[in-house]
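Below is one structure; the comments refer to it alone.
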Amino acid sequence: MSTLDLFSLKGKKGFITGAARGIGKCLADAFTEMGASIAIVDIDIAEAEKTAKELAARYSAHTIAIRCDVTDAEDVGQMMDTFIKEYGSIDFAINNAGIANTYAAEEISSKDFKKVVDINLNGVFLTAQAAARQMIKEGKAGSIVNTASMSAHIINTPQTIANYCASKGGVLLLTKALAVEWAKYNIRVNCVSPGYMATELVAEMKDMHEGWISKIPAGRLGVPEDLIGAYLYLLSDAARYTTGTDLIVDGGYTSL
Ligand code: NAD
């Protein structure tokens, strides 16, 4: 294997959750271009199908959309069955679906608190577990990358997102726990912690963008393309001895 092959995803197969749009879509686009076969997994099937068709046409690739609510274990099981019927085996999973809502901690309802934790943390667990079960069954190495956030490391201000910070802190330690448990199966589990990225998720908080930018050493919001290298490294054989780690990609925000 040449040194450049270390970063190759050619012929690898995997799914990305929350890939209909935003960060997930950008990663699906980049890694399909590099020769991976990727299932676009999302609760928004109309948008997921649009994305899958777009990528299949652009790269003449085997890209499909699978509807799945990552909080529903039955849905996740069916998603994995569909994936295996289509692709035959799995090499990687990116567990990226997530949401945010902003409420003062003293006012948030139990329902709104749970919703964020359910999608952002339970959803990551269920889809990571489904991928790992299949990898263990196949008896071959696999790479799982979860999307955490810089909110796993710091408390964002002035917005009030205690539930979001709690859920992402959970993803960080879940990643480490799974990495330790599944190392014996040669399954690596890592996460990426993005800073503020210009996607639809943060578009609703537009009035805060200027305040955020003033605190970002790089002087701008990130864009999903800024994350490709971090995910690529963790997915690829270049990271074969890297497990249980987190790559913060935030333009320096958490270093300030
Ligand atoms: P986005 O809102 O653009 O995309 C999220 C996708 O997840 C959507 O396509 C949505 O339909 C899907 N989704 C939501 N609930 C789902 C469910 N229950 N089951 C399956 N799919 C579901 O968001 P994004 O900015 O691309 O964020 C992607 C990930 O990155 C999230 O986990 C988010 O918390 C994390 N993140 C984002 C930022 C940022 O600034 N944008 C920063 C740090 C971390």
Side-chain angles (χ1 to χ4, degrees), residues 15-30 39-52 54 65-76 78-80 93-102 114-128 130 145-156 159 161 163-172 174-175 191-206 208-209 212-213 215-216 218 220-228 230-231 246-251 253-254:
F15 66 76
I16 306 180
T17 71
R21 66 178 204 184
I23 293 169
K25 179 179 177 180
C26 170
L27 298 175
D29 189 318
I40 309 296
V41 174
D42 208 288
I43 196 166
D44 182 348
I45 188 61
E47 203 58 26
E49 271 168 359
K50 227 167 86 188
T51 296
E54 197 181 308
I66 309 177
R67 191 214 162 269
C68 173
D69 177 351
V70 296
T71 67
D72 183 329
E74 210 171 298
D75 253 25
V76 172
Q78 279 168 12
M79 178 276 285
M80 203 60 235
I94 300 179
N95 304 304
N96 164 78
I99 61 159
N101 57 31
T102 57
K114 277 186 187 156
K115 189 174 174 193
V116 167
V117 174
D118 205 14
I119 296 173
N120 294 6
L121 179 56
N122 187 33
V124 165
F125 173 66
L126 289 177
T127 51
V145 183
N146 301 323
T147 300
S149 169
M150 71 174 177
S151 310
H153 300 270
I154 48 98
I155 305 306
N156 310 66
Q159 66 270 40
I161 51 172
N163 51 356
Y164 187 80
C165 291
S167 70
K168 294 298 186 177
V171 171
L172 182 63
L174 174 69
T175 298
C191 56
V192 174
S193 282
Y196 290 118
M197 297 286 143
T199 68
E200 282 162 75
L201 185 81
V202 301
E204 289 154 24
M205 305 177 210
K206 214 165 180 53
M208 294 186 183
H209 288 192
W212 294 345
I213 291 168
K215 290 195 237 161
I216 300 171
R220 64 166 175 88
L221 295 184
V223 291
E225 287 75 9
D226 294 328
L227 299 169
I228 293 170
Y231 284 87
D246 175 46
L247 284 181
I248 303 176
V249 184
D250 67 351
Y253 189 99
T254 56

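Bear in mind the structure is a predicted one, so any value in this text is a computation, not a measurement. First listed ligand is number 1; within each ligand, the first listed atom is number 1. Below, all heavy atoms of this structure are taken into account, side chains as well, without hydrogens, waters or symmetry copies.
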Checklist entry - What residues, two or more places apart in sequence or in another chain, satisfy side-chain hydrogen bond (donor to acceptor under 3.5 Å, both in side chains) together with Ser167? => result Asn120
Item to check | Test salt bridge (Lys or Arg N to Asp or Glu O under 4.0 Å) applied to Lys168 - qualifying residues, sequence neighbours left out | outcome: none
Checklist entry - Pick from Asp226, Val249, Leu227: which one makes a side chain to side chain contact (heavy atoms under 4.5 Å, CB included) with Pro194? => result Leu227
Checklist entry - What do the steps show when you test Asn156 against Tyr164 for side chain to side chain donor-acceptor pair (under 3.5 Å), and what is the final call? => result CA-CA 10 Å; Asn156 310 66; Tyr164 187 80; over 6 Å; no
Checklist entry - Looking at Met150, His153, Met197, which hits side chain to side chain contact (heavy atoms under 4.5 Å, CB included) with Asp250? => result Met150
Checklist entry - For Asp29, which residues count as a side-chain hydrogen bond (donor to acceptor under 3.5 Å, both in side chains) partner, sequence neighbours excluded? => result Arg58, Tyr59
Checklist entry - Got the residues with a heavy atom under 4.0 Å of ligand 1, by chain and number? => result Gly18, Ala20, Arg21, Gly22, Ile23, Asp42, Ile43, Asp44, Cys68, Asp69, Val70, Asn96, Ala97, Gly98, Ile99, Ile119, Thr147, Ala148, Ser149, Tyr164, Lys168, Pro194, Gly195, Tyr196, Met197, Thr199, Leu201, Val202
